[in-house]
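Remember, predicted model here, so these are calculated numbers, not experimental data.
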Number of protein chains: 2
Amino acid sequence: MTTQIKPNKKEVTREKNQKLILDAAEQLFSQLGYDGASMSMVAKEAQVPKANILYYFKSKDGLYESVIDRIIANWNLGLDNVTINDDPATVLYNYIKSKVILAVNQPMQSRLFASEILRGAPYLQNYFRTNTRPWVKQKVDVLQAWMDADKMDKVDPYHLLFTIWSTTQYYADFQAEVLLVMNKLEYDKTDVAQITQSIAHIILKGIGLKIPEQSET
Amino acid sequence: MTTQIKPNKKEVTREKNQKLILDAAEQLFSQLGYDGASMSMVAKEAQVPKANILYYFKSKDGLYESVIDRIIANWNLGLDNVTINDDPATVLYNYIKSKVILAVNQPMQSRLFASEILRGAPYLQNYFRTNTRPWVKQKVDVLQAWMDADKMDKVDPYHLLFTIWSTTQYYADFQAEVLLVMNKLEYDKTDVAQITQSIAHIILKGIGLKIPEQSET
DNA sequence: TTAGTAATTGACCTTTTGGTCAGTAAAGCT
DNA sequence: AGCTTTACTGACCAAAAGGTCAATTACTAA
């Protein structure tokens, strides 16, 4: 909702440059971690003077925070508007599917978060507390309601969510291991379906549900 | 197999100091990652002059490699001696259980590996190729045999293994997130059982098995 | 004892780090 | 056009990084 009456050349170039920098930073931070990536690397990658980065983002911390903020901004936790009346199998199947697609196609963001959490989530703590925790609480309530209505097995809903997160994210965060073990160079286009199928089979059947026939989006 | 006829004071102190250094390095690397931990931090933590560390381990890389090697040395992948004649449910249940115990009680090593893999496993690549891959291949064969004998559902055995690894390791590698979301400060003694139960329920049932009655070790 | 060897480390080196700042360029406004 | 203000950046800085080395201190074996 930026009132674009006057395109203001300053704003335009600033936004363009910031995007350039953030893109480079996102890539480098996710590849090398916070300490592994340096400001000069980001500058070189973004083809921008280092001082310019500092001018925009105040400090390395500031840049890192901005990168995280931007990811969060267009990070959809999914499972929105789920209600007790929805069909658990369909909802969970689609959720797993979308998570696998994300993991395989956009592993960078997942890895950035992973390295953040590995270090104790210094920057994400607040986000987890104020956003993720309530979000989870809400989904947990729906899951619990489904269980109470005997629509699915009674398992700890928190651990069920963790199971979905872990199994799907694994293919992004531990991609190097997965590929090495399976002796592949990269995921191919059949992998998404294959992975989704395996995970969905195990988890859905594991909580007493059936994989829905088809669910085109 | 060190021929300890003459306890040789030099060797004794060297080994003592190396252990001191490796312990400190293991802790710091797992906490801060390769780039986050510095030689001087390790020196301070181990209460040893920095030059001494370099004397023993040649370089930071050398130290890091030694840390990894030591972990690998007493790292048991589990699932040893499994054969087609074993009961899938018992074997997998015990495997899951032991993995959860490790994750909750010794998360440091898991995290060190995780950050290694996140960065593309520069040091573990060779290990994965020469050790993990054949190990996995062998377990995959057993799993496949169980499936062929209709002892369990037919799912991709690789992805089944990844599912077990991911769900269990998650509680070590992403401990910060888990605790924040569940609003806890640390795992308590009921958590191991709770986690094991949830994961085992989902995975075992998910592949058509039942949780074994009891399995004391 | 003592000569010879290995272990140890304080001082030092280079490079890189995140960060500052004063000066210059570029809009924006009237 | 000319004046003000903001955007930018090359040159610089102190701190910290990993690493070297010469000098000193153990040990060991004869």
Side-chain angles (χ1 to χ4, degrees), chain A residues 2-29 31-68 115-116 119 122-123, chain B residues 2-22 24-29 31-68 115 119 122-123:
Chain A
T2 40
T3 24
Q4 287 285 8
I5 298 170
K6 214 186 293 169
N8 199 319
K9 187 166 180 188
K10 284 191 179 183
E11 278 181 22
V12 170
T13 56
R14 191 179 59 226
E15 236 148 275
K16 190 192 67 188
N17 283 352
Q18 285 190 345
K19 187 181 179 317
L20 232 54
I21 294 167
L22 286 173
D23 287 346
E26 181 177 311
Q27 200 209 104
L28 286 165
F29 280 137
Q31 207 166 93
L32 307 168
Y34 178 82
D35 297 292
S38 72
M39 296 300 274
S40 24
M41 291 168 86
V42 175
K44 197 176 146 199
E45 177 72 25
Q47 289 184 281
V48 141
K50 194 185 69 167
N52 195 354
I53 303 182
L54 271 312
Y55 172 71
Y56 282 139
F57 299 97
K58 302 269 195 252
S59 67
K60 189 184 187 183
D61 267 42
L63 173 60
Y64 186 69
E65 258 194 89
S66 296
V67 169
I68 287 191
S115 82
E116 238 300 282
R119 299 148 112 9
Y123 292 94
Chain B
T2 42
T3 24
Q4 287 283 8
I5 298 172
K6 213 185 296 172
N8 199 320
K9 189 165 179 186
K10 284 190 179 182
E11 277 181 21
V12 171
T13 55
R14 192 181 57 226
E15 236 148 274
K16 191 192 67 185
N17 283 352
Q18 284 192 346
K19 188 184 179 312
L20 231 55
I21 294 166
L22 286 172
E26 181 178 310
Q27 199 209 103
L28 285 165
F29 280 137
Q31 208 166 89
L32 307 168
Y34 178 81
D35 296 292
S38 72
M39 296 300 272
S40 26
M41 289 168 87
V42 175
K44 198 175 146 199
E45 178 72 23
Q47 287 185 283
V48 141
K50 193 186 69 169
N52 195 353
I53 303 183
L54 270 312
Y55 173 69
Y56 282 139
F57 298 97
K58 301 270 194 256
S59 66
K60 190 184 186 181
D61 267 41
L63 173 61
Y64 186 69
E65 257 194 274
S66 296
V67 169
I68 285 191
S115 82
R119 296 147 114 12
Y123 292 94

- request: May I ask you to say what B:Ala43 touches in the nucleic acid, namely base, sugar-phosphate or nothing, with a heavy-atom cut-off under 4.0 Å?
  value: nothing
Between [N] ([atom2]) and [X] ([atom1]): distance, integer Å:
{"X": "A:Lys44", "N": "D:dT9", "atom1": "NZ", "atom2": "P", "result": "18 Å"}
{"X": "A:Met39", "N": "D:dA14", "atom1": "CE", "atom2": "P", "result": "20 Å"}
{"X": "A:Asn17", "N": "D:dT9", "atom1": "CG", "atom2": "P", "result": "8 Å"}
{"X": "B:Ile21", "N": "C:dA7", "atom1": "CD1", "atom2": "C1'", "result": "12 Å"}
{"X": "B:Arg14", "N": "D:dT28", "atom1": "CZ", "atom2": "P", "result": "11 Å"}

- request: Give, ordered by number, those residues of residues 51-64 of chain A having at least one heavy-atom distance below 4.0 Å to an atom of DNA chain D; if nothing qualifies, reply none.
  value: A:Ala51, A:Asn52, A:Tyr55, A:Tyr56
message: Closer than 3.5 angstrom, by distance alone: can the side chain of A:Glu116 be matched with the main-chain N or O of A:Tyr123 as a donor-acceptor pair?
response: yes
- prompt: If you take all heavy atoms of B:Ser59 and B:Leu54, which pair is closest and at what distance?
  reply: CA-CD1, 3.7 Å
- request: Please report the closest heavy-atom contact between A:Val67 and A:Phe29, naming both atoms and the distance.
  value: CG2-CD1, 4.2 Å
query: Are A:Phe57 and A:Glu65 close enough that some pair of their side-chain heavy atoms sits under 4.5 Å apart?
result: no
task: Would you mind listing every salt bridge (charged side-chain N to carboxylate O under 4.0 Å, His left out) that reaches into residues 32-53 of chain B, with sequence neighbours excluded?
output: B:Asp35-B:Arg119
message: Please confirm whether the shortest side-chain N or O distance from B:Ser40 to OP1 or OP2 of D:dA17 is below 4.0 Å.
response: yes
message: Within this structure, what is the CD1-OH distance for the pair B:Ile21 and B:Tyr55, rounded to the nearest 0.5 Å?
response: 11.5 Å
message: From C-beta outward on A:Lys50, which listed nucleotide comes closest to its side chain: C:dT17, C:dG19, D:dC8?
response: C:dG19
task: Kindly point out which of D:dT9, D:dG18, C:dG18 is positioned nearest to the side chain of A:Ser38?
output: C:dG18
